Amino acid sequence: MIVLKTTKDIDYWIGEVKKNGGSIGLVPTMGALHAGHLALIGKSRELCTHTVTSIFVNPTQFNNPEDFEKYPVTLERDIFELEKSGADVLFLPSLETVYPSGIRPSKHYDLGNLETKLEGKFRPGHFQGVCQVVEKFLNIVKPDCLFLGQKDYQQCLVLKKLISMLSYPVKAVLCPTFREPDGLAMSSRNLRLNNSQRHLAAEVYKSLQYIRTNFNYLPSSILKSNVRLELEKKGFRVDYVDIADLKNLDTIPDGQSKINTIALIAVFIDDIRLIDNILLTGEKGNEIDISASL
Ligand code: AMP
């Protein structure tokens with residue numbers, strides 16, 4: 001694996017790959033890599049001849065400066081894992097490489113309702129920062145495929161919208177959420193949990209499973225308030241518990257057909273924020289082909 005840090009270096013490498021008829025898969029990350037990230041790399045290697053993984057902790061997507069400062073950085077270990085993963089390039093740009101004219105946004109992305117609900121509501125400005133950095137990365141790396149994790153499902157919908165707004169010739173590929181044995185969704189922020197917080201964190205997935213088990217029998221509003229109360233009782237601060245339409249994340253009101261839905265949760269344990277989601281069922285009770293929703 002080679003490490004490239006500048007636009008000039010990666011431009012040269014892309015030129016060589018494309019000259020030889022290759023295709024490029026991009027796995028954008030903020031580092032502190034775990035098996036979920038590595039699975040995205042595995043998928044990229046399956047679908048593309050070459051894989052670029054980027055590590056860049058993007059300041060513009062943090063609505064909370066303390067969260068940015070405390071974001072885990074484990075670069076040496078990441079490089080070790082990437083070497084084993086079969087990724088061809090680690091793109092490790094500086095702040096100046098990504099934002100040569102500074103981090104102030106030069107435009108506003110019209111994300112419609114996606115910006116005012118769930119993550120958009122609780123993290124104002126977050127998705128503008130995500131779009132800002134992903135547009136930069138698409139222009140620098142020029143990937144054929146972009147690999148994204150279902151754990152950040154709303155982000156996947158936002159990026160799908162970005163790609164269509166930019167008419168960018170890239171295919172977004174959605175990959176399932178990787179979990180710890182007790183169900184906790186893998187996340188770089190899990191590194192910040194102490195033992196008792198780590199134990200408690202597994203309750204988030206249990207709550208999602210409770211919703212999935214009961215959603216055919218109880219109204220959404222009851223399921224959501226049961227879960228919220230239970231999580232609060234256990235010591236979580238709850239940003240949201242929602243059951244929403246897979247296509248646009250509109251809340252499913254009681255009594256409305258619950259096909260193609262997703263349950264989503266965001267909570268804090270102290271100052272550590274965790275998000276997760278679970279697919280409910282598709283039409284006729286089938287499992288949903290999540291890749292079809294992008
Ligand atoms: P991050 O480094 O957290 O910005 O995540 C980089 C990419 O990895 C995003 O597309 C995430 O959705 C994805 N990702 C993060 N956690 C997981 C997970 N547990 N399973 C699968 N993909 C994940």
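This one's a predicted model, so the numbers in the text were calculated from it and none came from an experiment. Each ligand, and each atom within it, is numbered from 1 in the order the structure gives.
- A salt bridge (charged side-chain N to carboxylate O under 4.0 Å, His left out) check over residues 104-114, counting only residues at least two apart or in different chains, returns the pairs Lys107-Glu135.
- Residue, atom and distance of the protein heavy atom nearest to atom 23 (C) of ligand 1 are Gly149 CA, 4.2 Å.
- At a 3.5 angstrom cut-off on N or O pairs, Leu148 does not count as close to ligand 1.
- Under 4.0 angstrom from ligand 1, there are no non-hydrogen atoms of Arg179.
- A salt bridge is defined here as a Lys NZ or Arg NE, NH1 or NH2 lying under 4.0 Å from an Asp or Glu carboxylate O, and Lys206 with Asp182 fails to meet this definition.
- The local environment of CZ in Phe268 is crowded, with over 12 non-hydrogen atoms from other residues, nucleotides or ligands closer than 6.0 Å.
- Neither the backbone nor the side chain of Phe56 has any atom closer than 4.0 Å to an atom of ligand 1 (non-hydrogen atoms only).
- Looking from atom 17 (C) of ligand 1 to the surrounding protein, the closest heavy atom is His34 CE1, 3.6 Å.
- The two residues Ser207 and Ile265 have their closest heavy-atom pair at CB-CD1, 3.7 Å.
- Inclusion of Cys175 in the set of residues having an N or O under 3.5 Å from an N or O of ligand 1 is not warranted.
- Considering backbone and side-chain N/O of Lys151, none are found under 3.5 Å from N/O of ligand 1.
- The contact set between ligand 1 and Met186, taken as ligand atoms under 4.0 Å from a residue heavy atom, comprises 16 (N), 17 (C), 18 (C), 19 (N).
- Polar contact with ligand 1: absent for Gly31 (N/O pair, distance under 3.5 Å).
- Taking the side chain as every heavy atom from C-beta outward, Tyr210 and Asn226 approach each other to under 4.5 Å.
- Shown in contact with Thr177 at under 4.0 Å from a heavy atom are these atoms of ligand 1, numbered in order with element: 19 (N), 20 (N), 21 (C).
- Annotation for ligand 1: atoms under 4.0 Å from non-hydrogen atoms of Pro28 are 6 (C), 7 (C).
- With respect to Arg123 and Asp239, no salt bridge is recorded, no charged nitrogen being found less than 4.0 Å from a carboxylate O.
- In terms of protein heavy-atom proximity, atom 20 (N) of ligand 1 is closest to Phe178 N, 2.8 Å.
- With respect to Asp271 and Lys70, a salt bridge is recorded, a charged nitrogen being found less than 4.0 Å from a carboxylate O.
- Within the 4.0 Å heavy-atom criterion, neither part of Gln150 lies near ligand 1.
- A salt bridge does not link Glu81 to Arg77: none of the charged side-chain nitrogens sits closer than 4.0 Å to a carboxylate oxygen.
- The CG atom of Asn216 sits 9.0 Å away from atom CG of Leu280, with the distance rounded to the nearest 0.5 Å.
- Of the protein's heavy atoms, Met30 CG, 3.7 Å lies nearest to atom 4 (O) of ligand 1.
- Interface of Thr29 with ligand 1, defined as ligand atoms under 4.0 Å from a residue heavy atom, comprises 2 (O), 6 (C).
- Shortest contact from atom 1 (P) of ligand 1 to any protein heavy atom: His37 NE2, 3.7 Å.
- Of all the atoms in ligand 1, the ones that sit under 4.0 Å from a non-hydrogen atom of Leu40 are 7 (C), 8 (O), 10 (O), 13 (C), 22 (N).
- At least one N/O-N/O distance between Asp152 and ligand 1 falls below 3.5 Å.
- Salt-bridge formation is detected for the pair Glu119/Arg273: a Lys NZ or Arg NE/NH1/NH2 atom is positioned less than 4.0 Å from an Asp or Glu carboxylate oxygen.
- Ionic pairing of Lys171 and Asp144 is not present here: no N-O contact between side-chain nitrogen and carboxylate oxygen is shorter than 4.0 angstrom.
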Show me, pair by pair, the donor-acceptor contacts under 3.5 angstrom made by side chains of residues 82-93, not counting sequence neighbours?
| unit_1 | atom_1 | unit_2 | atom_2 | d |
| --- | --- | --- | --- | --- |
| Ser85 | OG | Leu82 | O | 2.7 |
| Ser85 | OG | Ala87 | N | 3.2 |
| Asp88 | OD2 | Thr51 | N | 2.7 |

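- At a heavy-atom distance under 4.0 Å, only backbone atoms of Pro176 (N, CA, C or O) approach ligand 1.
- The atoms of ligand 1 that sit less than 4.0 Å from any heavy atom of Tyr71 are 3 (O).
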